[in-house]
Amino acid sequence: MSDLYAGTPVDAGAQSVFIDDDVIAYINKRNTNFRISTSCGGPVLLPVSYKPAKPTDITLKAGDHLIYISMYQARYIDHIHMDMIPYHIESMIEGST
């Protein structure tokens, strides 16, 4: 796991966020930034082409790219893992390349 901090301690509430190595590899393979936003099933990790970042998002460095976290989700997120990626997003990404 990677131990990353979201922005400054003021922005992140001095909270550490762990990003699984397989999530970082997934993001680097897709060569794009991602965003964690709110869904009816909980937080989801989506490419910014599908769910664009907002100025109020918290930003994390993940490998060569960024993960933006909705300000509404940021207080609850302490671990970013593959279960946050909807199973259908893979076919959407693969179909666009």
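Note that these values count all heavy atoms, side chains included, but never hydrogens, waters or copies made by symmetry.
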Open item on the list: Test side-chain contact (heavy atoms from CB on, under 4.5 Å) on V17 and D78; report intermediate values, then the result.
Closed with: CA-CA 4 Å; V17 177; D78 61 3; 5.7 Å; no
Open item on the list: Under the side chain to side chain donor-acceptor pair (under 3.5 Å) definition, can you give me all pairs with a residue in residues 62-71, not counting sequence neighbours?
Closed with: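 Every side chain to side chain donor-acceptor pair (under 3.5 Å) pair that includes a residue of residues 62-71, provided the two are not neighbours, is N31-H65.
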TODO: Return each pair, listed once, that meets side chain to side chain donor-acceptor pair (under 3.5 Å) where at least one residue sits in residues 34-45; pairs must be two or more places apart or across chains.
DONE: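 Checked against side chain to side chain donor-acceptor pair (under 3.5 Å) - neighbours excluded - the pairs reaching residues 34-45 are R35-D57, T38-Q73.
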With [X], which residues qualify under side chain to side chain contact (heavy atoms under 4.5 Å, CB included), at least two apart?
{"X": "D83", "result": "H81"}
{"X": "T32", "result": "R30, F34, P47, V48"}
{"X": "M71", "result": "T56"}

- [ ] Give the intermediate values and the outcome of side-chain contact (heavy atoms from CB on, under 4.5 Å) for residues L45 and M82.
- [x] CA-CA 8 Å; L45 183 64; M82 291 298 287; over 6 Å; no
- [ ] Working to the nearest 0.5 Å, report the span between CG of L60 and CD1 of I77.
- [x] 9.5 Å
- [ ] Supply the atom-to-atom distance M84 CE to L46 CG, rounded to the nearest 0.5 angstrom.
- [x] 11.0 Å
Task: For A62 against I19, the heavy-atom pair lying closest together - done: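 What the structure gives for the nearest pair is CB-CD1, 4.0 Å.
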Task: Sole residue of D22, L66, I80, I67 in side chain to side chain contact (heavy atoms under 4.5 Å, CB included) with I27 - done: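 In the set D22, L66, I80, I67, the residue that makes a side chain to side chain contact (heavy atoms under 4.5 Å, CB included) with I27 is I67.
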- [ ] Could you tell me whether the side chain of V44 reaches within less than 4.5 Å of the side chain of K51, counting heavy atoms only?
- [x] no
